[in-house]
Asks: 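Attaching a single structure in structure tokens format; questions to follow.
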There are 2 protein chains.
Amino acid sequence: MAKIDEVARAAGVSISTVSYALSGKRPVAAETRRRIEAAVSELGYSPNAGARMLAGSRTNIFALSEPLRADSHAPSHMAFMHAMTVAARRADYDMLLLTDEDASAGMSRVAASGLVDAILCLDVAPDDQRVAIARRSATPTLFIGIPDDHAGMVCVDLDFEQATRRAVDRLIDAGHRSLGLLGGSRRAYQRSNFPPRVRRAAQERAVERRATLTAHATGDVVTNRDECRRLIRELVATGVTGLVLHAPEDVHQVALAELAALGLHVPSDVSIVSVGTSFDTGSLSVPLDALPLVPPRSCDLAVDLAIDLVSGRPVAPGLHLIAPAYLDRGSVAPRGALP
Amino acid sequence: MAKIDEVARAAGVSISTVSYALSGKRPVAAETRRRIEAAVSELGYSPNAGARMLAGSRTNIFALSEPLRADSHAPSHMAFMHAMTVAARRADYDMLLLTDEDASAGMSRVAASGLVDAILCLDVAPDDQRVAIARRSATPTLFIGIPDDHAGMVCVDLDFEQATRRAVDRLIDAGHRSLGLLGGSRRAYQRSNFPPRVRRAAQERAVERRATLTAHATGDVVTNRDECRRLIRELVATGVTGLVLHAPEDVHQVALAELAALGLHVPSDVSIVSVGTSFDTGSLSVPLDALPLVPPRSCDLAVDLAIDLVSGRPVAPGLHLIAPAYLDRGSVAPRGALP
DNA sequence: TTGAAAGCGTTACCAC
DNA sequence: GTGGTAACGCTTTCAA
């Protein structure tokens, strides 16, 4: 509740010196700074946020646009919201949450009122309506994910295509010629931007390398484990020995359980690579190789870019893709290897 | 980007009249108001948030403190964050997200800088350190959940005790004398405030009504389905015919699957009531009676109370409990009923 | 029913 | 290296 003039008086300096001492935007004598810092902690001074926003050029607040549809995969979305909030705090930014219809409408609102310095969009859909809003807005807006129409937009994402190609290559290099891809729910394919990217990349790479690849979406495993089991049996029956998984944790669990039930061993009977997953594939019943989607990596980059934009530094519009790391956990073996 | 004086000029009035027309804090002639509204939408005027915060007495921002521990149950937490954000928007409030260490430390920060009008605490632990912070802070703070030491604090929650008693009563009234309680993971019992409340209430009620009740925590079902299955078999083997569930969705699924595997029919062999769950127990393989935890109900109440506090209206410190509704889905039958 | 003007608490420019 | 002070854009009191 103490104000800057009280601090100034206590330290025996002017308010502008207090301001500069705290912002570091102007050199202040060591001794002066010491007295000011003493006064600050003595009085428990904390600059008023409203006054700062009004006088300064920044609010130090980002908006996080997260549609949070009722049926979206909570754990991954949570991981991203969390990572983004932590990344923002590291840069001394607070995070304002926009959900629901407000994830779109709220963008214009908080931008127009100057409440936030930039907007970060999660859960990006192929036909995301937020692109249109971002184009109209003067507030820097970043997408974590890639909308179909992203011309002129700044987008941050894992390089899913590269991750997928590396997964396919890894299996083919191990001698597997008949591959299967098990993706997430059908809804995810319509609503998220990356499942189709993974499928397309896998199919193209398989063609390039003259292997065969069968792609399947699973149902929602929560409500239908059997569908997932059936798909596994079907893939195995057609001779698939290399499996690419791009799906939530429960799909991985069911797939591994079904393979075990069929008496098939990983990796000697079936080799598996998990692509773009954001949970720990090392703690599954069989640890799986993975090219993971690591939320903090995307979020740190997004925050860095947002701050560049806010600071007026040039940022290339277009895709800012993160190179995937390959985590080897021994779930790929040469075709026909012994257990 | 238009400012209030431009609106005033365009409408041919003073800036104070524009302010009053928009806030409604003073009557404005219908015709004057019309011209102002026209100018507002013409110019796309939106009041500057910083200026408002500085000049006015409110920021129209709440903080949402959500520790978001890595292993917390994402879907429920998501549901609460979502419901709270929606409730706040209905009252024209934005939500600032505090997670991680910042869920505690950030409270003092945003309070001291006057960034928020009130703080709403989710994911409340029995020994929640945020209570101490709230006591020191002048910013109104509400808890959604009940810390052990909540003297002087405003807490909103489902009346878990009443819900549990009603569940136990329902089973006993149907003739079941040997009851089982299946709770969530052991970690939940240490970290959340309500699992112990449910267990205690169930045990006390069973004693009062001279029935027997065996309580079990399940392991984390994600990593250990078998433990959950074993508990069900154990309960059934000891003659339990009435089951109270207070656990995440996956525990419900595994429990129902195991009962089916044992050839037991719900409700004729085993009757079940689910307590304090926030997913739809009606869409399980067997629809279950429930006394649900409905996030929007808690959140709407919390926001209402927060606004009362911000407005200086008196709010009784202590527990603000929400009476549970009983959803009858036919999962309780008289003991010994035919299928 | 409306207007003028005094704050609100910083930041940052201009002097010294 | 430091101080004075004019913005920043709104809310609200006081006057008319």
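Below, read A as the first sequence line, B as the second, and so on, with proteins coming before strands; counting in each chain starts at 1. Here the structure is a predicted model, which means the values were calculated and not measured.
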Asks: So if I take the C1' atoms of five pairs at each end of the helix from C:dT1-D:dA16 to C:dC16-D:dG1 and get each local axis, what angle do the two axes make, rounded to 10 degrees?
Replies: 30°

Asks: Restricting to nitrogen or oxygen on both sides, can you table the protein-nucleotides 6-8 of chain D pairs closer than 3.5 Å?
Replies:
from	atom 1	to	atom 2	distance (Å)
D:dC8	O2	A:Ala55	N	3.4

Asks: What residue pairs, at least two apart or across chains, pass side chain to side chain donor-acceptor pair (under 3.5 Å) with a residue in residues 17-30 of chain B?
Replies: B:Ser14-B:Thr17

Asks: Can you list the residues that meet the side-chain contact (heavy atoms from CB on, under 4.5 Å) rule with B:Ala151, with sequence neighbours excluded?
Replies: B:Arg135, B:Asp149

Asks: Please give, in whole Å, the distance from D:dC10 P to B:Arg58 CZ?
Replies: 19 Å

Asks: Between B:Gly114 and B:Met53, what is the shortest heavy-atom contact and its length?
Replies: O-CE, 3.9 Å

Asks: Would you mind reading off the distance between A:Asn60 atom CG and C:dT11 atom C1', rounded to a whole angstrom?
Replies: 13 Å

Asks: What's the separation between atom CG in B:Leu68 and atom CG in B:Asp100, rounded to the nearest 0.5 Å?
Replies: 7.5 Å

Asks: Return the value, rounded to whole Å, for the distance between atom CD1 of A:Ile36 and atom P of C:dT10.
Replies: 14 Å

Asks: Using side-chain contact (heavy atoms from CB on, under 4.5 Å) as the criterion, list what pairs up with B:Ser76, not counting sequence neighbours.
Replies: B:His73, B:Ser278

Asks: Go through the structure and list residues passing side-chain contact (heavy atoms from CB on, under 4.5 Å) with B:Ala83, not counting sequence neighbours.
Replies: B:Pro295, B:Pro296, B:Cys299

Asks: Taking all non-hydrogen atoms of both residues, which atom of B:Arg130 and which atom of B:Asp123 are closest, and how far apart?
Replies: NH2-O, 3.1 Å

Asks: Whole angstrom is fine here: how far is it from CE in A:Met53 over to P in C:dT11?
Replies: 13 Å

Asks: In whole angstrom, what separates A:Arg34's CZ from D:dT2's C1'?
Replies: 17 Å

Asks: To the nearest Å, how far apart are A:Met1 CE and C:dC8 P?
Replies: 14 Å

Asks: Can you tell me how far P of C:dG9 sits from CG of A:Asp5, to the nearest Å?
Replies: 8 Å

Asks: Only counting residues at least two apart or in another chain, list the ones meeting side-chain hydrogen bond (donor to acceptor under 3.5 Å, both in side chains) with B:Arg297.
Replies: none

Asks: Which of residues 106-114 of chain B sit near DNA chain D, with a heavy atom under 4.0 Å from it?
Replies: none

Asks: Check whether A:Asp304 reaches the backbone of A:Leu301 with its side chain - one donor and one acceptor, N or O, closer than 3.5 Å.
Replies: no

Asks: Under the side-chain hydrogen bond (donor to acceptor under 3.5 Å, both in side chains) rule, collect the residues that match up with B:Thr141, sequence neighbours excluded.
Replies: none

Asks: Counting only non-hydrogen atoms, which of residues 16-33 of chain A are less than 4.0 Å from DNA chain C?
Replies: A:Ser16, A:Ser19, A:Tyr20, A:Lys25, A:Arg26

Asks: For B:His77, what residues pass the side-chain hydrogen bond (donor to acceptor under 3.5 Å, both in side chains) criterion, not counting sequence neighbours?
Replies: B:Glu66

Asks: Would you please name every residue forming a side-chain contact (heavy atoms from CB on, under 4.5 Å) with A:Val310, sequence neighbours left out?
Replies: A:Arg58, A:Phe62, A:Tyr93, A:Asp117, A:Ala118

Asks: With rounding to the nearest 0.5 Å, note down the distance linking CG in A:Leu293 to CG in A:Asp159.
Replies: 12.0 Å

